[in-house]
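Have a look at the structure below, then the notes.
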Amino acid sequence: MTIRTRFAPSPTGYIHVGNVRTALYTYLIARKHQGNFILRIEDTDQARFVEGAEELILKTLNWLGLDWDEGPNLNNDKEIGNFGPYHQTDRREIYLKWAKKMIDEELAYADPYTPEQVQAFRDQAKSEKRAFLYRDHRPENPPEWQLGMPLRFKVPEIKRYSWQDAVMGELSAGPEALDDFILIKADGLPTYNFAHIIDDFEMKITHVIRGSEYIASTPKYLSLYEALKIEPPILAHVPHIMAPTGNKKLGKREELFWDIAPWGKRRKRQILYVINCECGEMSVWQLDADEPSPRDEVCEVCGRVLFDADGNAMQPLEKEFI
Ligand code: GLU
């Protein structure tokens, strides 16, 4: 089996050191196993689109030497790879095809309520101090779905899920984690929840490495994988990098990563700091049981990606940007 990993950023904010760390792990796993590293741009959230964010993603990966085998081209011309397109907004037909299949199999239904009605359900649940679950409001006779209406997943079986996370170990969550989430929004674009499952499957992704904020939604994804009869990829959720102030994770809209000279030394120091701190933790990876701890190898690869023979940071593009 060819190991295929993907880095799948959304251009809804500027790439920061936490994203870079995820990209690095994703890259190293692919390279360590002579696999493929794919770059996919998850640009379906048009409301939060940030101009220039995608360009920074490409330049940053390039600057760090994290070359991708498939994905958008740095020069913004033709994409590379046989599993494209690699921008989600160019994959609408693919999501619609899957959506139709799900409607036919009674795994999806049109949401007949207005956003105000859904909000009223939510408010009511809050006033009664219970969690809002859309599935409690599943309509008996939903209208025929057409573009312009949200399409929801009809969770086929409400149950507890337990699963193995490559970093976090054994995890589980009860039925309260499952809900009839939106697959296609009223604007005709898919949600992240739907699109990434379809894309990972169609792009033959074997390992999904991403931030731990996605653990809470994993039971929903497992339910969708099961409904679609898709074998889930190996899931690896990495802990957050915390913001320098306050007890919260570093967010895309904070400027830790981008506040000094755009391509300057401070940023490189931040990256090196993170890599230094994190290499030790890479030993938690267990891609297959017979492997020795990959720590040394990973550090060695980190070294090759980010340092020259004397241990100095490599500067492939820096001069150009300072
Ligand atoms: N587009 C998601 C983000 O930027 C990616 C999550 C994932 O890797 O699946 O957070």
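Both ligands and their constituent atoms are indexed starting at 1 by order of listing. Only this structure's heavy atoms are used, side chains among them; waters, hydrogens and symmetry mates stay out.
By the criterion of a heavy-atom distance under 4.0 Å, the backbone of P9, and not its side chain, is placed next to ligand 1. Heavy atoms of E42 found under 4.0 angstrom from ligand 1 belong exclusively to the side chain. Contacts between F7 and ligand 1, counted as non-hydrogen atom pairs separated by less than 4.0 Å, are absent for every part of the residue.
A distance of 13.0 Å separates CZ in R152 from CD1 in I184, rounded to the nearest 0.5 Å. Taking CG of L58 as the start and CG of L39 as the end, the distance is 6.0 Å to the nearest 0.5 Å.
Of the candidates Y214, Y192, Y221, it is Y192 that places a heavy atom closest to atom 7 (C) of ligand 1.
A donor-acceptor contact shorter than 3.5 Å links the side chain of Q117 to the backbone of T114.
Proximity of M149 to D111: side-chain heavy atoms (C-beta onward) are nowhere separated by under 4.5 Å.
Polar contact with ligand 1: absent for E213 (N/O pair, distance under 3.5 Å). At least one N/O-N/O distance between R6 and ligand 1 falls below 3.5 Å. By the 3.5 Å distance cut-off applied to N or O atoms, I209 is not counted among the residues near ligand 1.
Using the six-membered ring where Trp is involved, Y113 and F121 have ring planes that are perpendicular, over 60° apart on the 30 and 60° scheme.
Near R210, meaning under 4.0 Å from one of its heavy atoms, ligand 1 places the atoms 7 (C), 8 (O), 9 (O).
Taking the ring centre of F83 as origin, the terminal cationic atom of R40 falls outside the region bounded by 6.0 Å and 45° from the ring axis.
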